[in-house]
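Right, one structure below, let's go through it.
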Amino acid sequence: MLLPLLKKEVKELLMERSILIGMVIVPLIIFPVMGGLTGVGMSFAMQEVGREVAIGVADFDQTNLTTSYLPQLMREEGIYLVKLNCQSKEECIREAEKSGIRFFLIIPRGFSGNFTRGVPGFIDAFYSFEHFSISDLTMGERISSMLTNVFRKLAEGIHGGFMDLDFFERPIIQKSAIIYLGREIAAPLEFIGSAFMTLIIGLPTVAVIIASSAASVAATSIALEKESKTLELLLTIPAKRLTILLSKLFGTFLIVLLSTISFIVGLGIYVLMLAGAAIPTQAGGQIPLTQTGFGGLLEPSPLFMPVLLSTIFLTMVMTTCIGLLVGILGGDVRSAQQLVSAITFPLLMPPLFISMFTSIENLPLSVKLMLLADPFTHLFLAIQGGFKGDLVMALSSMAVILGYTVFVLILSSWLFMGERLVTMKVTLRKRPSGSEG
Amino acid sequence: MDVVAADSLEKWFGKKRVLKGVSFRVSSSEIFGIIGPNGAGKTTTLRILSTILVPDSGDATVMGYSVKREPEKVRRNISYLPEDAGVYNHLTGYEFLRMIAEIYGKGSERVDRGVEISGLKSALGSPMGSYSKGMKRRILLAAALMVEPNVAILDEPTSGLDVRHAFHIRKVIRDYVKTSGASAIISSHNMLEVEYLCDRIAFIDDGRIIKEGRPEELREEFRAENLEEVFAKIMGGT
């Protein structure tokens, strides 16, 4: 009894082209593509991480331990040491920047005294990041781990087997700080990493999800009219086609605007919550974000917030236009919604994944050009540009998004003007053969 | 004067030639019926007259305006009721009538006329999504006729409706044409309806008009008791 029904079910489902494409073929194509792109990003990240590490050291302690024993252990660990001649933290930051050193330590006075007594020594570790990608963060974590190993060896070398286990576990207390775009952010590496990932990747992703909804609303708006045949009624009223198209566009814009307002309010609450949060220090206490400088960094800068919001709005407008186009192409609501996903998903995922792992600037030219042709890449680039204060980068990416929007809008208008609107039915499903009466 | 004149209309959908030179004339105050089997080209013809589709060759005029060259002027003279047309589910019947009147630049007296034509007084305050098929058809027909088009193009106006709604719709169409002096073109499968409504009819099959005339002339010519029999004889069904 079950078998014939099961056979029927499987056959019916597999004959449905949308299921075949959506559930079987798309994953077979999309995931390898995503895997390939992620692999490219990862391999670049790994190449960067795998390079010989150069670390600058500003030794304010100037003892035998820090001038000869420690450098020797560092070299054994594979660290290329660069001596920084500076007297203050600010001077050291400038010196490191001048020498192209991305990671450096400041060994304070009294370090050797504490260390030889078996008291964990404080050191200031500075990580200068170009981008907040996984490769940068992994590199930082690798250095942090290498330094811990070096200081464990130093502890072993001085104290032999007669030392406190806690001291061996944590021979130093790293007061880490991150230097990004000339700004110093005093917070643990992991916390900063996740927070920045949220800013750089998380926010645009949320925006794109909202934008995708806009595309879906726009596509449904036209496809529903097609499906219910109210579109034919609409096309025969004494109104210009352009007027009808604009009414659809503006109608969807209003919904998009509602989404944008909702996004802004949500974002505001998110920033307030993040700014009000506290981060744990390595010593076990808590540092309010405002004291670390991190909270200040999250405060909307004059450029970042306008760029973020304009880019998000522009992206929403662009996806609305894509939705309109899809609505025109699709025969019915289901086809239109499938097409929206089929178009936005492959466009969104590659830049999202690449941005997570590495910077687009590190990629080979062919991959870079491919990504630059994807409008969603410019969403990420514009926001990153706004964050960095790079107005040219932000505006050029916004211009690309605007260009795509205009192109899609012109294409939609062209399709909307003629009879293609009624006769064109792009579908992922197998259409039953029918005839016009 | 010919209110509608279709001349050698041809239409292709991909490799399929759906219309193969359709020609006919419709006079003022006339109800013209287009009947034929499924896929014969009825809807395509009506869609061309309504400016939704463009003929690949040939042309048609409505009130002297070419559907190819002056579609906007054509649209000012027609109302089109598509077959199985849906409604805006979240608009009430009254809101829909008001919207159509505004689009046509008509005042509230037209909305009142629409209310009267629909005969749905008590239901007009409810969202149209809650309407039955018959009620939807009545509100759409009311919207089509209340703006007083010179030509009402009605594709299967009573298809799938029960007797009560179908009767109402036929009566409204007939009254409208007779009282306004306008014309109507309807397509239908229902021979009794065509016989009751139409002054002249055209049989269409495989994209061609194969017979045209007044119902009584056709009955006489084919020595048939009714149009259903004429249809069967023309199509070779008996």
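What you see is a predicted model, and the numbers here were worked out from it, not measured in a lab. Every chain is numbered from 1, with letters handed out A, B, ... down the list of sequences.
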Return yes when atom CD of B/Glu10 has more than 12 non-hydrogen atoms of other residues, nucleotides or ligands closer than 6.0 Å, and no otherwise.
-> yes
B/Tyr65 OH: over 12 foreign heavy atoms closer than 6.0 Å |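 No, the 6.0 Å shell around OH holds no more than 12 heavy atoms from other groups.
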Is there a side-chain contact (heavy atoms from CB on, under 4.5 Å) between A/Thr230 and B/Tyr88 once you walk through the steps?
-> CA-CA 8 Å; A/Thr230 48; B/Tyr88 297 103; 3.7 Å; yes
Between A/Leu233 and B/Pro82, which heavy-atom pair has the shortest distance, and what is it?
->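 What the structure gives for the nearest pair is CD1-CD, 3.9 Å.
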Return the option, out of B/Val54, B/Ile52, B/Asn77, with the maximum number of heavy-atom pairs under 4.5 Å with chain A.
->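 Sorted descending by pairs with chain A, the first entry is B/Ile52.
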Please round to the nearest 0.5 Å and tell me the distance separating atom OH of B/Tyr80 and atom CD1 of A/Ile237.
->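 Here the rounded value is 14.5 Å.
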Straight-line distance of A/Glu232 CD to B/Leu46 CG, nearest 0.5 Å |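 Answer rounded to 0.5 Å: 10.5 Å.
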Would you call A/Glu419 and B/Arg47 a salt bridge, using N to O less than 4.0 angstrom?
->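 Looking at B/Arg47 together with A/Glu419, the answer is no, because their closest N to O distance does not fall below 4.0 Å.
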Do any of residues 89-115 of chain B have a heavy atom less than 4.5 Å from a heavy atom of chain A, and if so, which, in residue order?
-> B/Phe96, B/Ile103, B/Tyr104
Toward chain A, the part of [X] with a non-hydrogen atom under 4.5 Å:
| X | result |
| --- | --- |
| B/Val87 | backbone |
| B/Lys73 | neither |
| B/Ile153 | neither |

Side chain, backbone, both or neither: which part of A/Glu227 has a heavy atom under 4.5 Å from chain B?
->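 It is neither, since no heavy atom gets under 4.5 Å.
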